[in-house]
Protein chains: 2
Amino acid sequence: MEKDTSIPEDLKLAVLEKIKPTEAERKILTAVQEELAAEVKAAAEKLCVADIFVKMVGSAARGTWLSGTHDIDVFISFPEETSREELERRGMEIAREVAKKAEHAEDRHAEHPYLNIVFKGFDVDLVPCFRVESACQLKSAVDRTPFHNEFVKTHIKGREDDVLLMKQFMRGGGVYGSELKTQGFSGYLTELLIIHYGSFENTVKAACLWKPGKKIDIMQHSEMEHTEPLVMVDPTDPKRNVAAALSLDKFCMFMDHCREFMKSPGLNFFFPPPLSPLEDREFLEKLESRKSSQLAIVFKTPDIVDDVLYPQLYKMEQAAAALLHEYDFSVIKTGVWSGKPETVVMLELISGTLPNVKKRIGPPVWVREHAEKFKAKYEGAENVFGGYIEGGKYVFEIQRKYPTAKGLLENQLLNCSLGKQVKSSVSAGFEVIEDAEICRLKDPDFRVFLRKWV
Amino acid sequence: MEKDTSIPEDLKLAVLEKIKPTEAERKILTAVQEELAAEVKAAAEKLCVADIFVKMVGSAARGTWLSGTHDIDVFISFPEETSREELERRGMEIAREVAKKAEHAEDRHAEHPYLNIVFKGFDVDLVPCFRVESACQLKSAVDRTPFHNEFVKTHIKGREDDVLLMKQFMRGGGVYGSELKTQGFSGYLTELLIIHYGSFENTVKAACLWKPGKKIDIMQHSEMEHTEPLVMVDPTDPKRNVAAALSLDKFCMFMDHCREFMKSPGLNFFFPPPLSPLEDREFLEKLESRKSSQLAIVFKTPDIVDDVLYPQLYKMEQAAAALLHEYDFSVIKTGVWSGKPETVVMLELISGTLPNVKKRIGPPVWVREHAEKFKAKYEGAENVFGGYIEGGKYVFEIQRKYPTAKGLLENQLLNCSLGKQVKSSVSAGFEVIEDAEICRLKDPDFRVFLRKWV
């Protein structure tokens with residue numbers, strides 16, 4: 001634990017003033033929730049579906065939602081013995097009936113289909129699920145949510161403000177959100193941290209001392225071995241790690257955020273000043289001072305949800321770096337940015353060009369068959385500069401196939417292992433632009449990304 | 001063993017015709033040897049040194065000398081009980097007396113002093129030594145030579161031509177000579193190979209199949225473990241490896257030379273066409289086609305014998321490469337050339353410049369004390385581009401101290417571990433020249449080196 005420093009009360013109050021829903025907000029939320037519940041029941045009756053329950057889950061239902069967010073999760077639960085086919089069909093029928101009164105509706109798909117609607121300005125998920133006895137008997141992952149809801153509701157009482165503070169603090173540190181894009185902390189994980197450590201302050205102090213492999217088991221009901229950086233055993237299911245989606249880097253960024261905060265607590269850890277888009281002039285100055293090579297692979301963003309898109313982008317980022325490395329280019333760092341209509345994979349290299357000459361090291365001279373085959377292949381061949389023996393091995397100086405990173409990517413990127421939709425989009429066309437050419441990309445959000453990049 | 005291919009007799013004859021001393025040469029040699037023996041005896045008498053013997057050793061005495069070479073080794077042996085001081089003093093007195101009739105004389109020093117003279121056009125070493133019973137009881141390394149002489153003389157009879165062929169063949173392959181510059185095969189080692197394998201042809205065929213660690217023990221009197229690529233146990237001293245000076249690369253170059261020769265035997269393996277000096281125009285063309293960076297460290301050649309100079313140059317070559325590597329430069333190859341008045345250490349790099357930005361990877365975030373110290377050092381410091389967390393570690397993008405290889409060498413070369421005389425010469429002044437600037441070095445022998453280099 002940290003020494004006696006503690007977080008000033010007035011700082012917490014100042015934060016809460018900005019993020020805690022007002023009484024008016026609460027009233028509106030409650031009214032909309034009740035209205036939605038009534039709509040679902042009415043729809044079920046109209047469609048002659050008996051024996052369904054409506055359940056409000058998520059942070060809105062638990063009093064741990066941040067002011068300004070407008071998310072409501074409505075679970076429509078069917079008896080356990082319902083067939084999956086019937087659950088999906090009838091559940092979606094009810095949802096579509098409700099959606100008739102919505103401003104917007106969109107089919108989505110997790111383990112089974114659900115409907116996302118905009119209803120009176122709220123972002124509402126209408127999710128059919130099974131009603132099971134305990135979280136261990138799940139028929140699908142989504143059925144877990146009501147159990148989470150129950151657990152949090154019964155344990156969080158009186159500490160809702162700590163959850164709000166922690167969520168905003170994590171947002172400020174860029175580690176909030178368990179989507180595959182962010183790989184950070186989910187709302188449920190945040191709530192469990194507060195339940196375990198007792199308060200925002202205790203959690204922050206404890207996290208300063210975390211190490212990867214940190215395990216928290218509130219119910220003390222798991223002996224499982226995990227390999228993730230943080231293991232938060234689900235109180236409603238001993239086999240599940242609530243923090244499974246948290247990446248090592250987000251785990252470390254949170255620790256770093258906590259340590260810096262404890263050194264000098266301030267509002268900026270909750271509300272970092274927004275970054276302005278990097279201007280052309282600034283980018284060109286950075287190029288000049290860094291003198292490295294910047295490459296951007298640009299292609300049309302596939303029309304798929306972020307949770308499908310980002311894993312494919314991260315895979316492509318790794319594949320491009322591995323390709324460059326294989327062909328002797330030194331990668332300083334990689335990154336991805338995705339917007340509409342374009343996606344960019346950024347690569348910073350020590351140099352985007354390599355000499356024509358490449359040193360090919362062969363087998364030891366005494367491994368005769370291989371050595372002679374190697375020598376026969378290169379000796380006197382076209383585009384071979386010369387050969388010699390070094391460290392007991394044949395070495396030939398050959399013509400490098402791809403002396404520029406741009407040429408390599410243009411020729412070989414599509415031979416890399418890429419995700420389905422990204423591959424199809426990249427196949428349809430991509431461009432590799434370098435250094436000052438990158439000024440062509442004007443999207444302000446990309447330019448914010450670029451400010452962090454250089 | 002190779003399949004039935006054998007070396008054409010007329011090829012061997014054609015080589016021997018060029019390298020085997022003529023009857024006239026032999027007569028002159030014998031006459032000069034006898035004259036020298038008489039001179040030594042006369043000098044000893046004049047100086048009242050009794051009980052010395054004169055012994056002709058070396059290839060001239062064994063009939064294995066190449067036509068055109070003019071080396072005679074005269075050993076002046078003293079009784080074993082002579083003190084080292086007396087041996088050196090009286091031995092050199094005799095040698096100096098003989099030298100009065102020489103065209104030129106020069107003091108040299110191995111384990112003890114000896115005199116090198118030019119006598120009737122021959123290069124003669126006058127070497128005082130102890131007369132011991134067997135090579136195992138040596139009082140100094142040089143005392144071994146008479147035993148080698150005896151062994152070879154009694155075993156080589158009838159195979160002198162094979163020795164001549166092998167010596168010339170090794171010359172052609174650039175592997176003949178056991179000086180520290182060459183690190184190849186000594187004359188004695190060559191003779192022992194012929195004694196062991198029986199002929200030039202058998203040796204060549206056997207060498208095609210060598211592997212490092214190859215051990216030959218003609219007298220079968222050694223159980224010693226050695227780590228050298230080739231172990232030729234001295235028939236006169238089981239503790240000594242005659243091939244100790246042979247480097248792995250020269251061992252392999254010889255194997256390669258043998259294999260190529262067996263594929264298509266020809267005079268060129270004995271007498272490779274001489275290389276012409278590389279012209280400026282050719283060098284510039286090579287620079288253009290290779291597109292790598294060529295660096296030459298140029299300094300005044302220290303006035304010391306090759307056996308002292310070359311180990312220091314090789315050490316400097318390694319040290320410069322290690323320095324460049326430590327500062328992120330990629331070295332393709334290194335080489336040394338030494339002439340009068342200048343010595344050149346050549347370095348070929350992927351690039352002689354690196355970006356200003358350098359990625360400094362720190363400790364894992366959870367190793368708190370180190371991680372915080374690392375972060376405190378770089379965060380917000382001058383010349384730091386930025387920082388982030390990658391793979392659980394703090395990473396900072398800092399200003400590279402030496403973005404050019406030339407600047408690095410100019411600043412840090414003298415902090416490398418260098419040999420005594422080379423260090424003193426480099427300290428007195430050196431220059432690092434790059435690419436086209438290297439055309440400034442006009443020495444034709446350097447230009448021959450350069451032809452092999454690019």
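Just so it is clear: chains get the letters A, B, ... in the order the sequence lines come, proteins before strands, and each one is counted from 1.
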| message | Let's test your reading of the structure: which of E397(B), K286(B), E348(B) forms the most heavy-atom pairs below 4.5 Å with chain A? | response | E397(B)
| query | Does any heavy atom of chain B fall under 4.5 Å from the side chain of K359(A), the backbone, both, or neither of them? | reply | side chain
| query | Quick check: are there more than 12 heavy atoms from other residues, nucleotides or ligands sitting under 6.0 Å from NZ of K263(B)? | reply | yes
| Between V454(B), I389(B), D328(B), which residue shows the highest count of heavy-atom pairs closer than 4.5 Å to chain A? | I389(B)
| Pairs of heavy atoms under 4.5 Å with chain B: top-ranked of P212(A), G386(A), S293(A) | P212(A)
| query | Think K333(A) forms a cation-pi with W453(A), using NZ or CZ under 6.0 Å from the six-ring centre and within 45 degrees of its axis? | reply | yes
| query | Tell me, side chain or backbone of K214(B) under 4.5 Å from chain A's heavy atoms, or both, or neither? | reply | neither
| message | Please classify the contact between E372(B) and chain A as side chain, backbone, both or neither, with a heavy-atom cut-off of under 4.5 Å. | response | side chain
| query | Between K291(A), K358(A), R290(A), K211(A), which has the largest tally of heavy atom pairs under 4.5 Å with chain B? | reply | R290(A)
| query | Just by distance, do the side chain of R447(A) and the backbone of S276(A) share a donor-acceptor pair under 3.5 Å? | reply | no
| task | With a 4.5 angstrom heavy-atom cut-off, could you sort out which part of K250(B) is near chain A: side chain, backbone, both or neither? | result | neither
| remark: Whatever's closer than 4.5 Å to a heavy atom in chain A on S289(B) counts as both
| request: Give, as side chain, backbone, both or neither, the part of S292(B) having an atom under 4.5 angstrom from any heavy atom of chain A. | output: both
| query | For the candidates L349(B), D249(B), I332(B), which exhibits the highest count of non-hydrogen atom pairs separated by less than 4.5 Å from chain A? | reply | D249(B)
| query | For the side chain of H325(B) and the backbone of V331(B), is there at least one donor-acceptor N/O pair under 3.5 Å apart? | reply | no
| chain A contact via E379(B) - side chain, backbone, both or neither, heavy atoms under 4.5 Å | side chain
| Counting only N and O atoms by type, is there a donor-acceptor contact under 3.5 Å from the side chain of E282(B) to the main-chain atoms of E279(B)? | yes
| note | So, the part of Y394(A) with a heavy atom under 4.5 Å from chain B: the answer is side chain
| said: Over 60° means perpendicular and under 30° means parallel, so tell me whether Y310(A) and Y314(A) are parallel, tilted or perpendicular. | reply: tilted
| Which one, S330(B), G391(B), P364(B), leads in non-hydrogen pairs under 4.5 Å with chain A? | G391(B)
| Which atoms of M255(A) come close to chain B, meaning under 4.5 Å heavy atom to heavy atom: side chain ones, backbone ones, both, or neither? | side chain
| E434(A) and K406(A): CA distance, side-chain angles, deciding distance, side-chain contact (heavy atoms from CB on, under 4.5 Å) verdict | CA-CA 8 Å; E434(A) 293 180 282; K406(A) 181 181 158 103; 3.4 Å; yes
| query | Quick one: does S351(B)'s side chain have a donor or acceptor within less than 3.5 Å of a partner on T353(B)'s backbone? | reply | yes
| said: Below 4.5 Å, heavy-atom pairs only: which of V395(A), V367(A), L354(A), I350(A) has the largest tally toward chain B? | reply: I350(A)
| query | E260(A) versus chain B, heavy atoms under 4.5 Å apart: side chain, backbone, both or neither? | reply | side chain
| field | Passing option when F254(A) is tested against F185(A), F269(A), Y176(A) for ring-ring contact (aromatic ring centres under 6.0 Å, His included) | value | F185(A)
| query | Would a 4.5 Å heavy-atom cut-off, applied to side chains only, mark V204(B) and Y197(B) as touching? | reply | no
| request: Kindly check if the number of other-residue, nucleotide or ligand heavy atoms within 6.0 Å of NZ (K393(A)) is above 12? | output: no
| remark: Looking only at G392(B), P403(B), A371(B), S247(B), most heavy-atom pairs under 4.5 Å shared with chain A are made by G392(B)
